[in-house]
Amino acid sequence: MNNNWELIISGSGGQGAILAGIIFAEAALADGYNVIQTQSYGPEARGGASRSEVLISKEELAYPKVQQCNLMVALTQESLDKYGPLLADGGTLIIDEDIDASALNTSIKVYKAPIFTAAAKLLRPMVANVLVLGILNTVSGIVSMESLVNAVRARVPAATTDINLAALEEGSKIGKELSAKAFKGGNI
Amino acid sequence: MNNNWELIISGSGGQGAILAGIIFAEAALADGYNVIQTQSYGPEARGGASRSEVLISKEELAYPKVQQCNLMVALTQESLDKYGPLLADGGTLIIDEDIDASALNTSIKVYKAPIFTAAAKLLRPMVANVLVLGILNTVSGIVSMESLVNAVRARVPAATTDINLAALEEGSKIGKELSAKAFKGGNI
Amino acid sequence: MKYKDFLRKDKMPHIWCPGCGHGMVLSSFLRALAKREYHPDKVAVISGIGCSSRASGYLNFNTLHTTHGRAIPFATGIKMAKPELKVVVLTGDGDSAAIGGNHLIHAARRNIELTVIVFNNNIYGMTSGQYSPLTPHMRLATTAPYGNIDYPFDLVKLAEGAGASFVARGATAQPRHLEKIIGQGLDHNGFSLIEVITQCPTYFGRKNRMGSAVDMLQWQRDNTSTTGKEGKIPLGIFVQEERPEYCANYHHLVKTVAEGKGSE
Amino acid sequence: MKYKDFLRKDKMPHIWCPGCGHGMVLSSFLRALAKREYHPDKVAVISGIGCSSRASGYLNFNTLHTTHGRAIPFATGIKMAKPELKVVVLTGDGDSAAIGGNHLIHAARRNIELTVIVFNNNIYGMTSGQYSPLTPHMRLATTAPYGNIDYPFDLVKLAEGAGASFVARGATAQPRHLEKIIGQGLDHNGFSLIEVITQCPTYFGRKNRMGSAVDMLQWQRDNTSTTGKEGKIPLGIFVQEERPEYCANYHHLVKTVAEGKGSE
Amino acid sequence: MAGKFQVRILPAYCKGCGICVSVCPKQVLGLGKDKAQVVQPDQCIGCLNCEYHCPDFAITVTEGEKDE
Amino acid sequence: MAGKFQVRILPAYCKGCGICVSVCPKQVLGLGKDKAQVVQPDQCIGCLNCEYHCPDFAITVTEGEKDE
Amino acid sequence: MSKRLIQGNEACVEGALAAGARFFAGYPITPSTEIAELMAEKLPALGGVFMQMEDEIASIAAIIGASIAGTKAMTATSGPGFSLMQENLGFAAMTEVPIVVVNVTRGGPSTGTPTKPSQGDFMQARWGCHGDHPIIVLAPSSVQEVYNLTITAFNMSEKYMVPVVLLYDEVVGHLREGVELKGTAEIINRDFPLVPPENYRPYATGDGLIPKLAPFGSGYRYHMSGLSHDETGFPTGNPATIENLVVRLQDKIEKNRQDIIKYKAIDVEDAEVIFLAYGSPLRSALQVQKQARARGEKVGLIQLLTLWPFPHELLTETFARNNADFIIPELSLGQLADEASKSVPRDKITRVNRNDGALITPAQLEQALKGVR
Amino acid sequence: MSKRLIQGNEACVEGALAAGARFFAGYPITPSTEIAELMAEKLPALGGVFMQMEDEIASIAAIIGASIAGTKAMTATSGPGFSLMQENLGFAAMTEVPIVVVNVTRGGPSTGTPTKPSQGDFMQARWGCHGDHPIIVLAPSSVQEVYNLTITAFNMSEKYMVPVVLLYDEVVGHLREGVELKGTAEIINRDFPLVPPENYRPYATGDGLIPKLAPFGSGYRYHMSGLSHDETGFPTGNPATIENLVVRLQDKIEKNRQDIIKYKAIDVEDAEVIFLAYGSPLRSALQVQKQARARGEKVGLIQLLTLWPFPHELLTETFARNNADFIIPELSLGQLADEASKSVPRDKITRVNRNDGALITPAQLEQALKGVR
Ligand SMILES: Cc1ncc(C[n+]2csc(CCOP(=O)(O)OP(=O)(O)O)c2C)c(N)n1
Ligand SMILES: Cc1ncc(C[n+]2csc(CCOP(=O)(O)OP(=O)(O)O)c2C)c(N)n1
Ligand code: SF4
Ligand code: SF4
Ligand code: SF4
Ligand code: SF4
Ligand code: SF4
Ligand code: SF4
Ligand SMILES: [Mg+2]
Ligand SMILES: [Mg+2]
């Protein structure tokens, strides 16, 4: 993988995909990357699949939208079905274990994680978006944990900081396990 | 005098100079001339001197304003002072007998007529504007009396038709006398 | 025809959020209309811009979705050109009372026969929750993060002050009552304004911690009264006056002129 | 200072027609102002477009002659930016109630401290005599050659319906009464509207055969009443209510936020 | 045994707001996963509250047996 | 003999509308050619009607003799 | 047929009525007010509607409404009011509702000099409203042309289902000339749909570019919206549909330039100097051009009757052929000359501008002509 | 200094506050609304004023009023609202009151496609209001530029006493990038009169072209009017005075083109193909230009930061020197390309237009580049 990430985080309306994108972009910015974050507006913003795009690069960025997506998080089947085809060959995908990614090109590295079960364990299903950032960052290794923690602190409502940080940690743990499995060539 | 008349009729706000211009233009139109009538709009329209311009020609007319005024009626001293200088050498001026035209170029033919006295005699001073048309037409001989009568009929309020026609006739009479005097080289 | 037959089925389901009261206003309106004998070809529904103003698109009449705030003068043109049409304006509190306030009061003054139904959710829904001229004092909105210091119009009083000959207020929590007053507005030979209190759970409700749509309807029940109870928002018909209608006045003028009887 | 000292003498005489009531409104306003202790530097007079709106040019204050109908929002900006200024809006019936109607009702609703004096001559004077929203039914105007089929606003009721906290009506035929109510409007801590019945002999008077300015003033005396006589146009103060003023509300909000007490 | 009234909910229209459930005097309706459902069809008294309140035109209450 | 009140009319401002004449209770004022004039100065009672009604700021009524 | 002596604004009313206009809504403003006043006088007798609205925004909204209901409708205004109409002018362009908007121009900017002529709204007439939008702008210079072009404005508006702006300055609006009010003018009415209501898609233009919009109340029930819409008139988010719409709106005008662009070319073939003008400056140019020819000078004149779409092909060809100098007199800082500079090199254009409320005189143009020769 | 990740609209607010803006009046409209919302949140803490008005007409009126009272003031809107503001924008231009108007552009015409970007208001920003009027229009393409140019907008507005429009499309308004909010930016405040109140003539500009307008309430009592006025601010009918005013309003911008016109030229010297762009299409052009250079192709780029006054001298000179082909990508039917055609021959311009709500992609521009080479 080079130094240019083109990331799409997608999910359904209330799942916080957009916020997740912003947090990740902010962490990357703090780590000295150039970043651009965009999201889809439009009638579809009211319900339906929502999408956050993040470009991360050591180079100057110009065109602000994903051209060759090489990193994707999809929180629902619907959003994977819709945006999955944008993932380039050899890209990385992170999805919930319940989601079916069999339609995708086999060159894509798929990480299946118990995102919602783990979030539910934390008693706040709505932290799934931050939890998945933990996974994302561990498997991709793009940003420093410190920057990610700071970004979470800065962007989530004050009352939910602790629970979100817990989610981030849980996500990182899951991410490490997945990476380890992947390294061992196991079924991820 | 050629076939191109550039006429200015001026007076104070309520004297009907503009209507007089319209009537004269309409008569000329009926006689087959090309005509343009314009008037000055502007803050000065509320009180102060008002001005009606009429261009009359057998040729096509283009520029709609007086360029070389060769015919002028001024109903007040103020309007003469203001517009008199526009009268070209050799032009014709019709004014009330009380008005002082001594400042003008001597090449100008000045007809002084008892306009307001005559109008007052008709018991309607406001017909001075039509009365002066009678003078104007007799001394200039531009339009037919028939057309002028029709134009007066068409443009003055129905209730005032008779008195206006009387004024027109009175004006013509005065005009004839003046022409006669002028012909005889008398002091007009 | 049954009221649902007036819907453009191929456009359904509508875009409104779950629990949005706008659909309830629309359904009361259609029921009121269904009871009357208008041929759908003879009904024109005009709206401005806003969530509420999207209503026109779902109705199988002659429908016109105009610019923000301007539905009433568009409707005025249609009505004057074709007085035989029943012309209804569906509009929001922002559309009618903010940018469109002037047109509202002038139509009321003229007493032109338009039935204007204001979907009052106390907020600009379409643009995501800014306060409107009908947002109560000190309520929260995205442009009033510290509470709205404006005072709202009482739309009923405003319309009355402007000279409207029919003014009523209903609420989505009272669909039968609402249907009734809309019906009377439709029957009125003159300008009629029906303000409808409706809920925007997505913005007004969420910002002001009013709970779900169900809770917001309960709030309506607790805070409105059709019987004039002290301290409650009154619902009902507040003005209902017969006076010459504008198109009729114009028609009369045309006749007078034709007969040569006009003053000069 | 004497009231005439507020005039810009070098701009006098003013452009208004002989007998035009606008000068009478202006003179009553200046007398009311002279009785109070405003420093001319602290008075701003804003007007729109119209014969009446030319008034601002004759006054030796901070004066602003804006666009047609928009004096009130311009004045709102000035007032909010410099609340210490006494901001007065001089406007016509067309300027304030036709094109500017929306701004009028919204300023009333907000209760922002502006003194709005409407020179109501029932006509558009500046553009030579078209009917206005305050031209009575069936009166003549250049655009109503057969009589005006519109119904006029009752500006007092409209302002009241919009939530104005001070509403009054005077007439040029009653300059002392007029001065008094304008004065009370100036003293009012909130939005105040003073409608002044005034005469346009040149257009409204002539078109409607009302005679000279002197006759038109007599008409006013015959048809208005400061004591509420049946069948007469009532003059006086109709609303006078203390409620929090908008700038004050805003100032309070700023303080709250500064102290970190604002709701989130 | 079906009751006298037939309550139909169009799932394609229903957005699961729960309003119908809250206004039914007889607990005929319940909220399933994202959609309203008829849970006690027999209890319906045909008051039409649900249909009149539904913002989404999703409910039709008719008189008579299902089989008709 | 001048009266107690002094009525001054500024001809440059006066437009001759006649309003002052019509509101003066004492016939102090009259209309000349296009302008108002003080015709009976002694009669003035200083009621200020004329000044308050003049649309053109043309009248000033002051107390005291002319000569002061 | 005998000529009548009428004002420009009166000719506009006569033209509109001859074209079939039966609805006028407006708000008074100098120097257009006579149009409203005459409409108020004349429409009732014809069973038409005159309305004075609360402002210009309502005025244009009302005429769009009336046109949607099938009545030919017009409003008239001047600069400040024209500015206020822009949003709804765009709505008419987008929904393809034929209307005619008259702008009798006066000195700007802002309230400016209301009683004097100007041509400062030349660019605004094309570009005053947001978004790429189609529009036609016609510009008469004489009272007869006001009459004729008002009829043309309605015809083009109905033919192309587009708002048409009639732009003329205060002098043209207020001068009186003899006019022939021919009752014989060709009148075009918008097409009525041929398909039955069940199959009706209002914006389906088939091979053509022009929709057939049935009047409201005529049995065709459909939806109109200022949102980007598809052939059925309903809002769409589909990119291709949106692109097609925006492009078609442009094409229906651009592909009909031949028909829409009207001008008069006088003595242009061999001209070494060409006046390019419209409105009252055209009249001065006309006089000077005639006099110059009489003197034997190779001077020509192009009078624009259609301002927008702008006749670039004409200028380009003319320049390519003649390599002439252009003199462009304008009552503005040079908006027309700027536009012309897309087709004629800037250094071949002599600008004669005047912004003081007075007319450009023949003397000024003689001067300019001397400067060029 | 560390960068903050913020949206374009947020950067606009930050820039305005940094420039000293303490007054915002607006009316919500997509895609500009975040500006109002953030102003509502931030201004009270700074003692500034946020007002939501009844419409856009009132919004711009209120900010002009506030500016007359001496407070730097701004409003933000999008196409439909921008159309409604035109009349009062002209008033600010005429009375020379500094204000900043942000237009975050969306798909038109009319209500169009509110949530998607477009550049269809390019011409309107210059010519939307009636009468010849001065105006400056700036166009950022990145979040950092939004911040910087918002400050520049206020500075130019105060320096030249003119309304400044900040024009950027929805994508620029909503994307998030790292931005340096430098506290060090130079801030320009309008000049205060030097003469004592007795001698004050607000529009007497002496040798310069810019009036010194004292804030209302500061002890200088004077009159402002949208009517044509003289140096004292009072209405005039004097032709020479009117001419001088209109011409001075133009000159104060035209004679300062050097200072006002900002752009970036990248690799233009030897370029055989030059991209000319602003706003989001600029970003695609930037990527393609860089890639082309990397491939050794002689491709350059001109990014416009100032749209109006339009940099014709730059284009003319560049073209004269390079005889290059120009590729002009736009989210419109070609308004920029049309304007550029005054300085670059039409056949040397390749247009890349898109009106469907989507962005012009680098791939599209690569294609266009291939077409030219
Ligand atoms: C001229 C103009 N200004 C602003 C907008 C943006 N806008 C669209 S809808 C809306 C408010 C809608 O509020 P309301 O009428 O109450 O309808 P709701 O969405 O609440 O039903 C606004 C401000 C616009 N489309 N046009
Ligand atoms: C936008 C706009 N529309 C119309 C006008 C023309 N206009 C100027 S003043 C006026 C009416 C003035 O009437 P009113 O406010 O009653 O003042 P009056 O002259 O009667 O005192 C009109 C319509 C304008 N200047 N601007
Ligand atoms: S945002 Fe509010 S008003 Fe709009 S559809 Fe949703 S609930 Fe209804
Ligand atoms: S036209 Fe009427 S309102 Fe205007 S100055 Fe004359 S009398 Fe007064
Ligand atoms: S009220 Fe309607 S939309 Fe809501 S849950 Fe019941 S059926 Fe569904
Ligand atoms: S009709 Fe009444 S009882 Fe039956 S389901 Fe609906 S609300 Fe319940
Ligand atoms: S009231 Fe004033 S203007 Fe009128 S006549 Fe008397 S002094 Fe003159
Ligand atoms: S003050 Fe009274 S009495 Fe004296 S002149 Fe004036 S109106 Fe007459
Ligand atoms: Mg609302
Ligand atoms: Mg008036």
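Lettering of chains follows the sequences in order, A, B, ..., and the numbering in each one begins at 1.
- With hydrogens and angles disregarded, a donor-acceptor distance shorter than 3.5 Å links the side chain of H:R221 to the backbone of D:N60.
- Here the closest non-hydrogen pair linking H:P44 and D:V257 is CB-CG2, 4.0 Å.
- With a 4.5 angstrom heavy-atom cutoff, D:L64 touches chain H via backbone and side-chain atoms both.
- Taking CZ of D:R110 as the start and CD of H:E54 as the end, the distance is 4.5 Å to the nearest 0.5 Å.
- Contact count against chain D (heavy-atom pairs under 4.5 Å) is highest for H:G48 among H:S218, H:G47, H:P197, H:G48.
- For a residue to count as touching a neighbouring chain, one of its non-hydrogen atoms must lie under 4.5 Å from one of that chain's; by this rule H:I63 does not touch chain D.
- Dense packing is recorded around NZ of D:K4, with more than 12 heavy atoms of other residues, nucleotides or ligands lying under 6.0 Å away.
- Between H:H223 and D:H65, the angle of the ring planes stays under 30°, which puts this pair in the parallel group of the 30/60° scheme.
- The distance from the CG atom of H:L227 to the CD1 atom of D:I49 is 5.5 Å, given to the nearest 0.5 Å.
- Ranked by non-hydrogen atom pairs under 4.5 Å with chain D, the options H:N88, H:D55, H:L46 are led by H:N88.
- Your options are D:A71, D:S47, D:A44, D:P40, and the one with the most heavy-atom pairs under 4.5 Å with chain H is D:P40.
- Checked against the 6.0 Å centroid criterion, the rings of H:F50 and D:Y250 do not qualify as a close aromatic pair.
- Between chain D and the residues H:R22, H:M51, H:E87, H:M94, the most heavy-atom pairs under 4.5 angstrom are made by H:M51.
- Between the OG1 atom of D:T67 and the CG atom of H:L89 there is a distance of 11.5 Å, given to the nearest 0.5 Å.
- Interface residue D:K11: only side-chain heavy atoms are found under 4.5 Å from chain H.
- To the nearest 0.5 angstrom, D:H103 atom NE2 is 8.0 Å from H:M53 atom CE.
- Of the listed residues (D:K42, D:R8, D:E84), the one with the most heavy-atom contacts under 4.5 Å to chain H is D:R8.
- Judged by the 6.0 Å and 45° rule, D:K82 forms no cation-pi pair with H:F216.
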Should H:M224 and D:N62 be marked as a side chain to side chain contact (heavy atoms under 4.5 Å, CB included) after you check the CA-CA gap, both sets of side-chain angles, and the distance that decides it? CA-CA 9 Å; H:M224 292 179 99; D:N62 302 276; over 6 Å; no
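- Looking at H:A25, there are no atoms closer than 4.5 Å to chain D (heavy atoms on both sides), in backbone or side chain.
- Heavy atoms closer than 4.5 Å to chain H are found nowhere in D:H251, neither backbone nor side chain.
- Separation of atoms CD1 (D:I78) and CZ (H:F23) is listed at 10.0 Å; rounding is to 0.5 Å.
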